[in-house]
Structures are given as structure tokens and as C-alpha cells.
Visitor: 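The structure's right below; bear with me while I get my questions together.
The sequence lines fix the lettering, A, B, ..., with proteins before strands; numbering per chain opens at 1. Since this is a predicted model, take the numbers as computed values, not measurements.
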Number of protein chains: 2
Amino acid sequence: MNDFIDLFDEFDRRILPHHLTDADILRLRHQAFALHLRAQGHVDFGNPEDHFAYIAKGSVKLVAYLSSSREQIVAFGFPGELMHIPGAGRNGFSLIALEATELLAIPAASLLAASGKDSTLLRLAIEQTILALGRSRANSIMLGTHSARERLAGFLFAMFERGARHRASPETIRLPMSRAEIADSLGLTIETVSRQFSEMRNLGLIETSGRSIVTIRDWEGLALAAGQMPAAA
Amino acid sequence: MNDFIDLFDEFDRRILPHHLTDADILRLRHQAFALHLRAQGHVDFGNPEDHFAYIAKGSVKLVAYLSSSREQIVAFGFPGELMHIPGAGRNGFSLIALEATELLAIPAASLLAASGKDSTLLRLAIEQTILALGRSRANSIMLGTHSARERLAGFLFAMFERGARHRASPETIRLPMSRAEIADSLGLTIETVSRQFSEMRNLGLIETSGRSIVTIRDWEGLALAAGQMPAAA
DNA sequence: CGTGACGTTGACTATTCTCAACTTTCGTGG
DNA sequence: CCACGAAAGTTGAGAATAGTCAACGTCACG
């Protein structure tokens with residue numbers, strides 16, 4: 001239970017607005033629940049209610065299961081982020097840990113209701129949702145118009161920006177997900193992802209070490225590969 | 001100016017919660033603006049602020065312009081819907097009318113601020129955003145895992161459900177968008193879309209008449225083509 | 001009734017997927 | 001600390017899907 005208190009405190013300090021009443025905070029605390037997932041552990045929010053999840057440690061994927069055996073990763077979640085998890089609807093969604101992960105789950109309704117007089121919480125929720133919408137739309141653009149090379153290069157940039165950094169060097173990323181998971185999120189196959197890694201390695205854009213360490217060697221080249229216009233244009 | 005009053009009244013009746021104070025409504029009314037677009041007319045919200053758009057008549061597309069000449073349609077908007085329009089960010093977004101369209105644009109900030117004591121409006125905004133997020137994620141799934149056939153079949157279902165109905169018969173849809181626009185929203189080329197239409201016509205799934213009238217002849221077959229599991233399974 | 005935009009069809013090309021064999025990584029237990 | 005084995009990743013060859021280029025047909029508007 002200490003876990004929960006620590007987690008909630010962190011959430012309170014880093015996410016919640018500072019001027020919430022104690023009553024509001026208490027109400028939230030009663031409806032939130034902490035989860036400690038090991039790698040591959042998953043949560044299925046079976047009830048139709050939406051949830052928000054605050055990721056404290058680790059990383060997660062939000063996957064949609066389709067009728068067939070195929071799955072699509074809809075979003076990744078990293079520490080410090082507040083994710084929106086859709087309730088059971090047309091597609092079943094699961095939140096799956098990529099590595100050992102600590103998170104706090106809050107029913108959307110209670111986050112929305114917590115703001116009696118003060119709507120700061122509501123505003124927080126809407127901000128996060130708009131952010132997620134933006135990311136999702138960017139993802140649609142990527143899937144709709146970009147080649148395999150562009151997708152992987154863009155993916156590496158996104159991972160870099162979202163702080164999957166590795167301490168070794170400022171240019172080095174530690175990817176917490178497997179090739180299969182990268183493929184599922186980019187709408188590609190494992191083999192294509194692997195081939196793209198190899199080609200980008202041969203072009204001198206990146207270096208890799210082991211399964212998950214990637215060092216970016218040529219930022220400009222990688223940006224070009226991602227389909228971004230050269231700066232001059 | 002009568003246009004505006006009519007539009008705003010409709011918005012008030014059909015979307016706004018009934019128990020708003022007059023003050024709130026007045027404040028909203030001051031910040032909203034009505035737009036009357038002809039086919040292909042467009043609005044660019046240049047400022048970085050987000051907007052909501054209430055579509056009263058007609059239909060619109062929300063397109064993202066990429067570095068290259070390619071564009072991706074991120075969402076369509078139909079009458080009665082409240083769309084979220086992202087402000088100028090990484091990608092420039094434009095709202096473009098597919099046909100003559102009347103809409104009401106409201107800066108997101110003022111919709112969010114309108115709720116002093118009462119947060120119903122805020123709740124409305126978040127609901128709509130979550131809805132849009134859901135649609136966007138469904139779109140990602142479609143683009144990431146579905147074939148051309150599945151995409152077009154799914155598109156027809158979505159259009160049917162979102163009320164692009166034609167009065168002629170309950171099975172008939174009037175598509176307000178061109179093949180090029182369908183292609184841009186599905187991440188395909190015009191030719192591929194056209195070929196899929198032809199093949200589905202030959203398979204007896206649909207009939208077409210002119211450029212924009214589609215009649216669904218075999219619902220089950222179309223559902224199958226959309227990649228949905230047969231009901232029995 | 002002509003004209004230009006829109007849509008269809010065909011032949012060919014390119015990219016990605018599929019299937020399959022092979023190699024590397026990394027956690028486990030000796 | 002090393003060796004083992006399962007899981008993960010890589011590479012290759014051939015097949016399939018969608019894209020490209022180009023010609024032709026049709027619709028809808030003046």
C-alpha cells in the first residue's frame with residue numbers, strides 16, 4: 001500500500017494542479033488504483049468506461065485487437081505521460097507493459113467529476129486528450145502517406161523526443177520495445193523493419209548495439225529519410 | 001448577420017446543454033463566428049489556437065499538408081458534428097468544404113473558459129475530443145492493417161453510419177467527396193480506389209450511379225470485405 | 001452540345017509481404 | 001563465469017499488393 005501512496009504523491013506533485021482542494025484530492029485518491037506490471041503484463045479495462053493512466057515508471061503499449069490475429073499498436077506510453085484508455089467498444093483495447101511498469105489508473109468519469117467548482121482537472125484531462133488526438137492524427141498521416149523508411153526514421157525521432165534516452169550518450173536511445181512491436185505500431189512486418197534498420201545502418205545514419213540500443217550518427221540524413229524537407233527549403 | 005443568429009441558435013438548441021446561463025451563452029456568442037463556404041472554400045486557422053467547428057449544413061474535410069505535395073485527409077465532418085481543429089503546429093491543417101457548407105467556428109479556449117461555475121461545456125468539449133480520438137485511432141488501425149478492399153468497404157460503412165444518406169432508398173448513399181478525396185483519406189491512390197469500386201461492383205456488392213451515388217446490394221458480403229468476422233464466429 | 005474535370009482501365013514497376021533458413025542475443029542454470 | 005537454449009533478429013528469394021504512367025471514357029456544367 002506504500003507503493004500506492006508514493007505513486008499517488010508523485011502523480012499529485014507532477015500532474016495535478018497545485019491548488020486543488022484536499023477534498024478533491026481525497027476523492028481522486030479513492031477512485032484511482034495503482035498497478036505494478038511486469039514485462040508483458042496487461043490490463044483489460046473490460047467495463048465500457050474510459051480511463052486515464054499516469055505512467056510513473058517503465059513503458060506501455062496500447063493495442064487494439066482486431067477480428068483476425070493481427071493487432072495494431074495505437075499508442076506507446078512513457079513515464080510522466082497521462083494516457084487516455086478507451087473503454088470496451090468496437091475494438092478491444094489492452095494496455096500491455098513493455099517492461100516492468102508502475103502506473104496509476106483513474107476512471108475518466110471520476111477525473112471529470114472531481115472538479116466541482118474548480119474545473120482545472122477537467123482542463124487537464126482535455127489537454128491530455130487533445131495531445132493524444134494530435135499524436136494519433138500524426139500517426140494516421142504517417143501510416144497513410146509514408147514509406148517504410150520514412151516511418152522508421154520518424155519513429156526514431158519520436159522515440160528520441162519522448163525521452164527513451166539512454167544515459168551512455170546524448171545521441172543514444174534505448175528502445176523498450178521489440179522489432180515486432182515497432183512493426184505493429186508502424187503498420188509494417190518484422191522483416192521490413194529489420195531490413196530498414198540494416199539499410200539505415202549501412203547508410204551510416206545509425207548504429208545499433210544489442211537488441212535495443214540505437215545511436216543516431218547522422219541527424220540530417222535521418223531527418224531527410226523521415227521525409228522532412230531540408231531546412232533550406 | 002441573420003445567418004449568424006440562425007446558425008448560433010441551431011448550435012444552441014442541438015449541442016449546448018440546456019441549463020447554461022444567459023451570460024455564458026452570450027460570451028460564447030461573442031467569440032464564435034459563422035462561415036459560409038462554397039465548394040472547395042477553405043479556412044486556415046493560422047493562429048496556434050485550437051478551434052471547434054460545428055457543422056450545420058454540407059460537409060468538410062480536415063486535411064494535413066505535408067512537406068511534399070501529398071496531403072492526407074485526417075477527418076471528414078458532417079452536419080450535426082462538432083469537430084476539433086488543431087491550431088498551426090507541426091503540420092499545417094486546413095478545413096476545406098466538399099460542397100456548400102455552413103459552419104460555426106469557436107475558439108477552443110473560449111469554449112473551455114465559458115464554464116465558470118458550470119463545467120458542462122467543458123465536458124461537452126472533452127466528450128467530442130474523445131470521440132474524435134476514437135475515430136482517429138480507428139483510422140490508424142485501418143491504415144495500419146487493412147488492405148485496399150477492406151479500407152474502401154469500411155469507408156462505405158462509415159459513411160453510411162455517419163448519415164451521408166440519399167433519400168432515394170435506405171440503402172443508397174450520396175458521397176460528397178471525389179475519388180481523389182476518398183483516396184487521400186484512405187492512404188491510397190485514385191486508381192486503386194477506382195479499381196476497388198469496379199471490383200466490388202463486379203462482385204455484386206454495390207451498384208453505382210453517376211459519380212457519387214452508391215447503393216449497397218450485399219451487406220453481408222460488404223461486411224466480409226471490410227474484414228469483419230462473420231457473425232457466427 | 002461542347003468542354004474540362006473526373007473517373008476508369010490497362011500495362012508495367014516498385015515496394016512490401018510471405019515463407020524459410022540462418023544468426024545473434026540474453027537470461028538461466030550449471 | 002561459461003555454456004546452453006529459446007526467443008528475437010537478420011537475410012534471401014519469390015509472390016502479392018498497390019503505385020505509376022498513360023490512354024480512353026463519362027459526367028455535369030455552362
Side-chain angles (χ1 to χ4, degrees), chain A residues 38-40 61 66 68-72 96 98-100 142-156 174-203 206-214 225 227, chain B residues 38-40 61 66 68-72 96 98-100 142-156 174-203 206-214 225 227:
Chain A
R38 339 190 123 217
Q40 308 309 319
K61 58 178 174 179
L66 304 168
S68 63
S69 63
R70 293 180 302 188
E71 68 180 53
Q72 169 77 16
I96 304 184
L98 300 174
E99 55 195 325
M142 181 146 103
L143 295 174
T145 65
H146 289 16
S147 69
R149 170 72 47 87
E150 292 169 320
R151 292 187 207 182
L152 188 57
F155 174 81
L156 290 178
R174 193 194 116 262
L175 300 175
M177 67 289 283
S178 68
R179 298 287 186 270
E181 286 160 336
I182 296 173
D184 281 339
S185 86
L186 299 180
L188 300 169
T189 56
I190 309 178
E191 293 94 327
T192 300
V193 169
S194 181
R195 270 186 261 271
Q196 292 303 327
F197 264 114
S198 299
E199 286 171 27
M200 286 165 68
R201 212 184 293 124
N202 292 338
L203 289 170
I206 59 170
E207 272 172 33
T208 60
S209 153
R211 281 174 184 164
S212 55
I213 305 295
V214 178
Chain B
R38 341 190 121 217
Q40 308 309 319
K61 58 178 175 179
L66 305 168
S68 65
S69 64
R70 293 180 304 187
E71 67 180 54
Q72 169 77 17
I96 303 182
L98 300 174
E99 55 194 327
M142 180 145 103
L143 296 174
T145 65
H146 289 15
S147 68
R149 169 73 47 87
E150 292 170 320
R151 291 187 208 183
L152 188 58
F155 173 82
L156 289 178
R174 192 194 117 261
L175 300 175
M177 67 289 284
S178 69
R179 298 285 185 271
E181 286 161 336
I182 296 174
D184 281 339
S185 86
L186 298 181
L188 299 170
T189 56
I190 310 178
E191 293 94 328
T192 300
V193 169
S194 182
R195 270 186 260 271
Q196 292 303 328
F197 264 113
S198 301
E199 285 171 27
M200 285 165 69
R201 213 184 292 122
N202 293 338
L203 288 170
I206 59 171
E207 271 171 33
T208 60
S209 154
R211 281 174 183 165
S212 56
I213 306 295
V214 178

Visitor: Is the backbone of B:Ser147 close enough, under 3.5 Å, to the side chain of B:Glu150 for a donor and an acceptor to pair up by distance?
Guide: yes
Visitor: Over how many whole Å does the gap from A:Leu152 atom CG to C:dT16 atom P extend?
Guide: 11 Å
Visitor: Between A:Ala148 and A:Gly210, name the one whose nearest nucleotide on DNA chain C is closer to the 5' end.
Guide: A:Ala148
Visitor: Answer yes or no: does a side-chain N or O of B:Thr192 lie under 4.0 Å from OP1 or OP2 of D:dA18?
Guide: no
Visitor: Within this structure, what is the CD-to-P distance between B:Glu191 and C:dA11, rounded to whole angstrom?
Guide: 15 Å
Visitor: I want to confirm an ordering. Mapping B:Arg149 and A:Thr208 to their closest nucleotides on DNA chain D, which one lands closer to the 5' end?
Guide: A:Thr208
Visitor: Say you draw a straight line from CG of A:Leu186 to CD of A:Gln72; how long is it, rounded to the nearest 0.5 Å?
Guide: 8.5 Å
Visitor: Round to the nearest Å and state the distance from A:Arg151 atom CZ to C:dT16 atom C1'.
Guide: 9 Å
Visitor: What is the distance, to the nearest angstrom, from the CE atom on B:Met142 to the P atom on D:dA18?
Guide: 13 Å
Visitor: So, does the side chain of B:Arg195 form a donor-acceptor pair with the base of D:dT20 at under 3.5 Å?
Guide: yes
Visitor: List the steps, then state whether side-chain contact (heavy atoms from CB on, under 4.5 Å) holds for B:Arg151 with B:Leu143.
Guide: CA-CA 8 Å; B:Arg151 291 187 208 183; B:Leu143 296 174; 4.0 Å; yes
Visitor: Starting the side chain at C-beta, find the nucleotide from D:dG9, C:dA20, C:dT8 nearest to B:Ser198.
Guide: C:dT8
Visitor: Show your working on side-chain contact (heavy atoms from CB on, under 4.5 Å) between A:Ile190 and A:Ile182 and close with a plain yes or no.
Guide: CA-CA 8 Å; A:Ile190 309 178; A:Ile182 296 173; over 6 Å; no
Visitor: Could you check how far CG of A:Leu188 sits from C1' of D:dA16, rounded to whole Å?
Guide: 16 Å
Visitor: Would you mind telling me which of C:dT16, D:dT10, C:dT8 lies closest to the side-chain atoms of A:Gln196?
Guide: C:dT16
Visitor: Between C:dG10, C:dT25, D:dA18, which nucleotide gets closest to the side-chain atoms of A:Arg211?
Guide: C:dT25
Visitor: Given atom CD1 of B:Ile213 and atom C1' of D:dT26, what is their separation to the nearest angstrom?
Guide: 16 Å
Visitor: Once you apply a heavy-atom cut-off of 4.0 Å, does A:Ser194 come out as touching a base, just sugar-phosphate, or nothing?
Guide: base
Visitor: Using only modelled atom types and a 3.5 angstrom limit, is any donor from either the side chain of B:Glu181 or the base of C:dC6 paired with an acceptor on the other?
Guide: no
Visitor: For the pair made of CD in A:Glu150 and P in C:dT15, what is the distance, rounded to whole Å?
Guide: 11 Å
Visitor: Examine C:dC17: is either OP1 or OP2 under 4.0 Å from a nitrogen or oxygen in the side chain of A:Thr189? Give yes or no.
Guide: yes
Visitor: Are B:Glu181 and B:Lys61 ion-paired here, with the side-chain N under 4.0 Å from a carboxylate O?
Guide: yes
Visitor: Figure out the CZ/P separation between B:Arg201 and C:dT9, and round it to whole Å.
Guide: 6 Å
